[in-house]
**Q** 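Sending over a structure as structure tokens; questions will come in a sec.
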Amino acid sequence: MDFLTLLQVLDTTIRLATPLLLACLAGLFSERAGIFDIGLEGKMLASAFLTAAVAAVTGSVLVGTVAGIGAALMLAGIHGLASITFRGNQLISGVAINFLAAGLTVVVAQSWFGQGGRTPQLSGNARFETIDLPLAAEMRDIPIFGPIYAELISGHTLLVYVGLLMVPLTWWVLFRTRFGLRLRAVGENPAAVDTAGVSVVGLRFAAVAICGVLTGLAGAYLSTGLQAGFVKDMTAGRGYIALAALIFAKWRPWYALGACLLFGFLQAIALRPDVIEGTLGFEVGVQLLDALPYILTVVILAGFVGRAIPPRAGGEPYVKER
Amino acid sequence: MTDQTPAIELKGISKAFGPVQANKDISIRVMPGTIHGIIGENGAGKSTLMSILYGFYKADAGEILINGRPTQIPDSQAAIRAGIGMVFQHFKLVQNFSVLENVVLGAEDGRLLRPSLAKARRELKELAAEYELNIDPDAKIEDIGVGMQQRVEILKALYRQADILILDEPTGVLTPAEADHLFRILKGLRDQGKTIILITHKLREIMEITDTVSVMRRGEMTATVQTAETSPSELAELMVGRKVLLQVEKTPPTPGETILEVENLRVVDSKGVERLRGIGLEIRAGEILGLAGVAGNGQSELLEVLGGYRKAEGTIRLNGEQIDLSGRKSDARTRRARGIAHVPEDRHHEGLILEFSAWENVAFGYHDKPEFNKGVFMDNAAIKADAAAKMERFDVRPPNPNLAAKNFSGGNQQKIVVAREIERNPDLLLIGQPTRGVDIGAIEFIHEQIVALRDMGKAVLLVSVELDEIMSLSDRIAVMFDGQVMGERVPSETDERELGLLMAGITDTDKPHSEAEIEANLAKTRASAAKEV
């Protein structure tokens, strides 16, 4: 494998890791506040659809993205209502949201566009365009660093950079602000927050809302950045992989970046059978390659995570007692 | 005294939960700069009253005056603003946060954390110097002992400028030395002009530290008296409504043959932590062996092994016969058949099925006895009759076997469990925390039953974190610390101080020991106990 091929694979890695990263950070906010969210998948899917649909109709990806975030927020609101206000089971609520999104997106897409549950192909301003960072063309000729800058770092869409910037931002919010302290506390021991005179419900809704916005961005990127339009079930389990990455990352932002890049890399090499064949020296079945990220997810989670301690109050509705 | 404004005045507070009247027309006045005790049995309404004062519940009727001003307390925030701080029985701390972060939580100065933390660090230093509240601000809560955690709770309240401090059963989890330290802190706070309300069911604490005391019974305030002018027996009478024996009456033991022998018992839990590290014990017929120790030092594991639902290595002999400990040939049922009865420590999870009726609960563990069965069917009529008879003998109230176990009070639930186990006439009774959450009247009764069983020539292993209970019931006392037996003593030849040192893992009890040494020792083992959970 030559240097340029490696760069191409890594470039794909970054693109494929972005939706995982946004979803993973979304889950991080929610779960750090004690609300398990298995519905990342559904929220991404809903956003992917509505972003693509509104972008197709209005011709503006930004309007589409706002609509997509709105869709994800609405589902997040339902999750919040079920699991915070009505103290329902968070897993069941999340699963329900996934089913709702999987069904509703296809039905609405069919009745709206009549293209078999898809949205029309997007082009031009209805998609996120790639951004060339300054001096990318000029620096291309510098050995090693030039191609890395031009191929790998430059030339992604806006949401890729947003995703990467969210990592330090998430860290800062969680560990350097009052909101972050309270958010982490409410996921560990909501009674401590409550007796300190801070609203448990308010904090948890805030966390769920942030989760909605970030899954909204993840979904928008899927249908307008990574691909050009919505197709049925296009999230393809990314919400679950993001959850796996979250456990792998032990609920920490920087680890989350590492975990998502790893899973992104697995998906990237699955797209390049030629590279694998070149490296390993024998042919690997396409089906196996497609399954590889999922198989490795299982292997990694089973064997390499060590003891990951989730937020102690995670999954449990807060009931005030004496 | 009368011309002074009370720090807290409650007027006619009432609160009902459904049909249960938890507080009925309660009025008290607490003067500033005093320690006021509130004593009463479980369910007397002490905690409800304090929860109203801290904004957790809203009173149905009545008025709260803070420093003479009528004050509405709809939530905890309002209570904090009114200068009230509360130290709950179960601490409200975030385990993996530092002391500093816990103190600051909810009382930050701005949106950014660092300035708040820096300010709190400075203030903690001052508070520590002033009130003997020394603590490492950067230590994680999960790494420090229970006594320290309690100090963090007090610091939290003081950091929020609390002038009125409420402590709910603060000594339940402390060793005697730690409790003494707490009392010194409280007296220091009082001398600085703080008002302290101490909720407890322990008469000794009330007598030792309070200035005035209010007694609650069945939701009503039955009396408020000057502590100096009352006595423990008078308070007990006010609490229960009749004369009670505070001391267990028992004759000297007449130990017979050895019933239980435990040698080199080891237990490693699922996380690979050694919970029992070579336990050796012996109990004879007609003898009560009391097992003292701070909760979490292996007592529970020992009971579980003896009861037959935890695997272990080592040797256990009952009446000279070895018992299989691998879990393959012996379980809780075969242990019962061999004459081991077990009143588990946690009656809600191990002793009873709360949703099931009393008669079903009375049969559990013995439901396969021939007298309870007709062929393959259970003989429910026979079980019910048996349950009714046992409940009658143990004075369970109400004596209705059809009522679900959850509808009985703590004391009556415990009587159901004790009746089930003792009435089987076992050779060995394992009994864990027999009077936890049990009212004084029922305590008296249960203690009598345990002594009566001993006098019938049976062996009893009593596990309790209440040192008073161990001291008054046991014929011999063994003290556990960190999975080992630190030593055995005879009650008449020891005292709380010596047992307290053993409970902290210090065996050379003749020499003086500093509090810091005791604390360091306790933190070591409790940290590992906490990590297990």
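Letters go in sequence order (proteins before strands), and every chain restarts at 1.
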**Q** Distance from A/F175 atom CZ to B/E101 atom CD, nearest 0.5 Å?
**A** 9.0 Å
**Q** For atom OH of A/Y161, decide whether the heavy atoms of other residues, nucleotides or ligands shown that lie under 6.0 angstrom number more than 12.
**A**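 Enclosed.
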**Q** Could you check whether atom OH of A/Y240 has more than 12 heavy atoms from other residues, nucleotides or ligands sitting under 6.0 Å from it?
**A** yes
**Q** Atom CZ of residue position A/R252 - does it have more than 12 heavy atoms of other residues, nucleotides or ligands inside 6.0 Å?
**A** no
**Q** Going by residue number, which parts of residues 183-194 of chain A are within reach of chain B, meaning a heavy-atom gap below 4.5 Å?
**A** A/R184, A/A185, A/E188, A/N189, A/A191, A/A192, A/V193, A/D194
**Q** Using the rule given for side-chain contact (heavy atoms from CB on, under 4.5 Å), can you reason through A/L181 versus B/E108, listing the C-alpha separation, both sets of side-chain angles and the distance that settles it, and then say yes or no?
**A** CA-CA 10 Å; A/L181 182 79; B/E108 307 90 342; 3.7 Å; yes
**Q** If you count heavy-atom pairs under 4.5 Å with chain A, which of B/A107, B/A78, B/G110, B/G55 comes out on top?
**A** B/G110
**Q** Side chains of A/R312 and B/V94: does their closest heavy-atom pair fall under 4.5 Å?
**A**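 Side-chain contact under 4.5 Å: no.
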**Q** Heavy-atom distances under 4.5 Å only: say whether B/N102 touches chain A with side chain, backbone, both or neither.
**A** neither
**Q** Using a 6.0 Å cut-off, check whether atom CD of B/Q72 has over 12 heavy atoms from anything other than its own residue.
**A**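 Open.
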**Q** Kindly check if the number of other-residue, nucleotide or ligand heavy atoms within 6.0 Å of CZ (A/F265) is above 12?
**A** no
**Q** Determine whether B/L112 and A/W172 make a side-chain contact, defined as any pair of heavy atoms from C-beta on separated by less than 4.5 Å.
**A** yes
**Q** Around atom NZ of B/K202, are there more than 12 heavy atoms of other residues, nucleotides or ligands at under 6.0 Å?
**A** yes
**Q** Between A/R182 and B/L105, is any pair of side-chain heavy atoms under 4.5 Å apart?
**A**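 Of all side-chain heavy-atom pairs linking B/L105 with A/R182, at least one is under 4.5 Å.
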**Q** What part of B/R81 gets closer than 4.5 Å to chain A, counting heavy atoms only: side chain, backbone, both or neither?
**A**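 B/R81 has no heavy atom closer than 4.5 Å to chain A.
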**Q** Measure the shortest side-chain to side-chain distance between B/K92 and A/T195 over non-hydrogen atoms and say whether it is less than 4.5 angstrom.
**A** yes
**Q** Select all residues of residues 79-98 of chain A having any heavy atom within less than 4.5 Å of some heavy atom of chain B, and report them by number, or 'none'.
**A** none
